[in-house]
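Notes for the one structure printed next.
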Amino acid sequence: MTDLPYRYEVTATAAALNESHAELGDGDETGLFVTVAGRLMLRRGQGKLVFGDLQDRTGRIQLFASAKVCPDFHEFAALNLGDWLGVTGEIIKTKRGELSIRVTAWDVLARWGGTFPDKWHGLTDTDARYRQRYIDLWVNDGSRQAFVDRSRMVSATRRWLEERDFLEVETPILHPIPGGALARPFETHHNALDTEMFLRIAPELYLKRLTVGGFDKVYEIGRVFRNEGMSTRHNPEFTMLELYWAYADYHDGMELTEQLIAHLAEQITGSTTITYDGREVDLSTPWERRTMTDLISEHVQLDLSIEMDRDELAKIAEDVGVQVKGYYGPGKLILEIYEKTVEAHLWGPVFVTDYPKEVSPLSRVHRDKPGFTERFEAIVAGRELCNGFSELIDPVEQLARFEAQAADRDAGDAEAMPIDRDYVRALEHGLPPTFGLGIGIDRLVMLLTDTQTIRDVVLFPTLRPEQE
RNA sequence: GCGCCUCUAGCUCAAUUGGCAGAGCAUCGGACUCUUAAUCCGCAGGUUCUGGGUUCAAGUCCCAGGGGGCGUACCA
């Protein structure tokens, strides 16, 4: 171990070499010497000749080592698959037409402990892939590519928002009051303050405080935490983009949303028409806009109104299979009916608009439709992708909404929002008309990389800790 | 939470109705100067997830526990 180098001067990557020497003829030599580094993925002994495949961040390049020119040839031939090498040599193309580096100097940079996964089948055991992601990333190209795409997508998102003068900020992750979404939080404790804290379930309420403070175009891309079940679409910690745009309403917000997502699809996949789970999704703008009640009417021929008798709505809800709880009011019942009868049939992209006020405690009431709010969710590839609304700006009404939530909480809704008086105080200082948006970044990556499980777009998904 | 499925060598997988636990790759030893999943010869490699039970005999059947996957519920 002591002879392993502390640094290494790398001058080329596999992809760059393959690109720049694509025209080289079989058996040609270039006289050009380069140094590459990566892991040895394959090795083929041929007596006094050894071929190896070296993989770096960009791809693979063949190593050509002959006993004549390769120093310590026997040691080179005895390298293990997975060993991390630095290699210097001349760029050549073999007689059989494979671009190669003829090794004239080499160093082991690190050893692979243990034996390497099967060179053909790789590593398929999901548990091992997630717990030892560093192996998965080497062995499974698709896995590595998904994370590269994820990074490119987040980066493209930042650029796009920056071009539109949105300011990126960071707000607290430790919250004294968990708010901004309907979800159960993780709880923790601050010793010095001797106070209960919660990992944030959304940055929303802090970002709107910043809008009050004059940041009229602001966003955050950050981790949020929800103490709920796990599935192919849910990880307890996940990444959200939230943005707030003053002077805009939810109509502006839908335009922004569809343009952003169409742009990202273009950037990542090269097209606004993508394939998800074997089915086509056309993300080109504009997307369809449909109100929730219209969709219910279309799918199950039920004309529902928020003024309908609560018990009547409850009966309809039960008829379509909703388990109605006592604290469900008309708005919650309409949402439940929508989710039961419509949502699974939507493929999208479509903006489902005008959510009931009762289930939207932070949304501004619809300017023309009492009982509803100016809120939308985008359904893309049959899944909820984001949530946006004209923000509720009235402190008095906000307090009333919080109190209604508190009543639900008392009635047994563990996910109802607690009252946040400090947030109400901020609203008292003036939130201008504002549009707000939340996008689940992980799900957007899944969509654009045609990935069926969130664990394949989260580098280290939450798993049960290993025993002992 | 609940339901179903699954766990065998480092990796990928076999093992007929319950009847000596195997192969390929990797590792180790050997042959080979144009291979590319190289090939060929050889050695070694196991608490069949754990603990009980049934049986002359359990990888296989039963019970309990653990890990993982999928579905469902809550949610993005």
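Hydrogens, waters and symmetry mates play no part in the numbers below; they use all other heavy atoms, side chains included. Note that the coordinates shown come from a computational prediction; the quantities given were computed from them, not determined experimentally.
- When the P atom of B:A26 is taken as reference, atom CD1 of A:Ile135 falls 17 Å away, rounded to whole Å.
- Across the interface with RNA chain B, nearest-nucleotide mapping of A:Glu377 and A:Leu42 shows A:Leu42 to be the residue nearer the 5′ end.
- A salt bridge links A:Arg209 and A:Asp420; the closest N-O separation between the charged side-chain nitrogens and carboxylate oxygens is under 4.0 Å.
- A gap of 23 Å separates the P atoms of B:A57 and B:A64, to the nearest Å.
- B:G18 makes up no base pair with any nucleotide shown, lacking Watson-Crick or G-U wobble contacts both under 3.5 Å.
- Contacts of A:Gln323 with the nucleic acid, taken as non-hydrogen atoms under 4.0 Å apart, are absent.
- Checked for salt-bridge contact, A:Arg289 and A:Glu258 meet the test: a charged N lies under 4.0 Å from a carboxylate O.
- In this structure, CE of A:Met41 is placed 13 Å from C1' of B:C11, rounded to the nearest angstrom.
- One can find a donor-acceptor pair under 3.5 Å joining the base of B:U36 and the side-chain atoms of A:Glu98.
- B:C61: Watson-Crick or G-U partner is B:G53, with both key distances under 3.5 Å.
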Go through the steps to decide whether A:Phe238 and A:Val458 satisfy the test side-chain contact (heavy atoms from CB on, under 4.5 Å), and finish with yes or no. CA-CA 8 Å; A:Phe238 62 100; A:Val458 172; over 6 Å; no

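- Base engagement by A:Gly47 is indicated by at least one non-hydrogen atom pair under 4.0 Å involving a base atom.
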Please test A:Phe198 against A:Phe186 for ring pair (Phe, Tyr, Trp, His ring centres under 6.0 Å), starting from the C-alpha separation and ending with a verdict. CA-CA 6 Å; A:Phe198 303 89; A:Phe186 285 90; over 10 Å; no

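- Listed pair A:Thr124 / B:U12 meets the phosphate criterion, a side-chain N or O lying under 4.0 Å from OP1 or OP2.
- Atom C1' of B:A9 sits at a distance of 6 Å from the matching atom of B:G46, rounded to the whole Å.
- With both ends at atom C1', the span from B:U55 to B:C61 equals 10 Å, rounded to whole Å.
- For the pair A:Arg455 and B:G69, the criterion of a side-chain N or O lying under 4.0 Å from OP1 or OP2 is met.
- Side-chain atoms of A:Thr232 lie closest to B:G71 of the nucleotides B:A26, B:G71, B:U36.
- Residue contacts for A:Asn387: at a heavy-atom cut-off of 4.0 Å it reaches no nucleic acid atom on any strand shown.
- Using a 4.0 Å heavy-atom criterion, one finds that A:Gln46 contacts the bases of the nucleic acid, with or without backbone contacts as well.
- As rounded to whole Å, 10 Å separates atom P of B:G69 from atom CG of A:Asp456.
- No engagement by A:Gly438 is indicated, since no non-hydrogen atom pair under 4.0 Å with the nucleic acid exists.
- Base-pair partner of B:G46: not found among the strands shown (Watson-Crick or G-U wobble, both distances under 3.5 Å).
- One interatomic measurement links the two molecules: CG of A:Asp125 to C1' of B:U6, which rounds to 11 Å at whole-angstrom precision.
- The same atom, P, is picked in B:C70 and in B:U54; the two are 37 Å apart, to the nearest Å.
- Rounded to the nearest Å, the gap between the C1' atom of B:C43 and that of B:C28 is 7 Å.
- In this structure, of B:C34, B:C74, B:U27, it is B:C74 that holds the atom nearest to the side chain of A:Glu228.
- For the OP1/OP2 pair of B:C34 and a distance below 4.0 Å, the side-chain nitrogens and oxygens of A:Ser100 include no atom meeting the criterion.
- Minimum atom distance to the side chain of A:Thr126 is reached by B:G69, of the listed B:G69, B:C11, B:C74.
- Both A:Asn235 and A:Thr453 sit near RNA chain B, but only A:Thr453 has its closest nucleotide nearer the 5' end.
- Residue A:Thr94 has its side chain nearest to B:C34 when only B:G10, B:C34, B:A38 are considered.
- Between B:G45 and B:G1, the distance separating the two P atoms is 42 Å to the nearest Å.
- In this structure, A:Leu335 places its CG atom 13 Å from C1' of B:C74, rounding to the nearest Å.
- Listed pair A:Lys119 / B:A26 meets the phosphate criterion, a side-chain N or O lying under 4.0 Å from OP1 or OP2.
- Classified by interplanar angle (parallel below 30°, tilted 30° to 60°, perpendicular above 60°), the ring pair A:His345/A:His299 is parallel.
- Proximity note for A:Asp118 (side chain, C-beta onward) versus B:C25, B:G68, B:U36: the nearest is B:C25.
- As rounded to whole Å, 15 Å separates atom P of B:G66 from atom CG of A:Asp127.
- On the C1' atoms, B:U16 is 40 Å away from B:A31, given to the nearest whole Å.
- The side chain of A:Arg184 places no N or O atom within less than 4.0 Å of a non-bridging phosphate oxygen (OP1 or OP2) of B:A73.
- Counting only heavy atoms from C-beta on, A:Leu123 has its side chain closest to B:U12 among B:U33, B:U12, B:C28.
- Taking a cutoff of 4.0 Å between a charged side-chain nitrogen and a carboxylate oxygen, A:Arg133 and A:Asp136 qualify as a salt bridge.
- Within the nucleic acid shown, A:Asp413 has no heavy atom closer than 4.0 Å to any nucleic acid atom.
- Taking atom OH of residue A:Tyr134 and atom P of nucleotide B:G10, one finds them 16 Å apart after rounding to whole Å.
- Between the P atoms of B:A26 and B:U36, the separation comes to 13 Å (whole Å).
- With B:A26, B:A37, B:U12 as the candidates, the nucleotide lying closest to the side chain of A:Leu81 is B:A26.
- Pairing partner, B:U39: B:A31, with both Watson-Crick or wobble hydrogen-bond distances short of 3.5 Å.
- Note on A:Arg129 versus A:Asp456: salt bridge recorded, some NZ/NE/NH1/NH2 to OD/OE distance being below 4.0 Å.
- If you take CD of A:Gln452 and P of B:G71, they are 10 Å apart, rounded to a whole angstrom.
- Ring geometry, A:His175 versus A:Tyr206: the interplanar angle falls from 30° to 60°, so the pair is classed tilted.
- The partner of B:C2, taking Watson-Crick or G-U wobble pairs whose two distances both stay under 3.5 Å, is B:G71.
- Remark: aromatic rings of A:Phe51 and A:Phe64 are close, center separation under 6.0 Å.
- A close approach under 4.0 Å does occur between a side-chain nitrogen or oxygen of A:Arg131 and OP1 or OP2 of B:G68.
- Of the side-chain N and O atoms in A:Asn80, none sit less than 4.0 angstrom from OP1 or OP2 of B:G10.
- Applying the 4.0 Å criterion to OP1 and OP2 of B:U27, one finds that A:Arg43 has a side-chain N or O inside that range.
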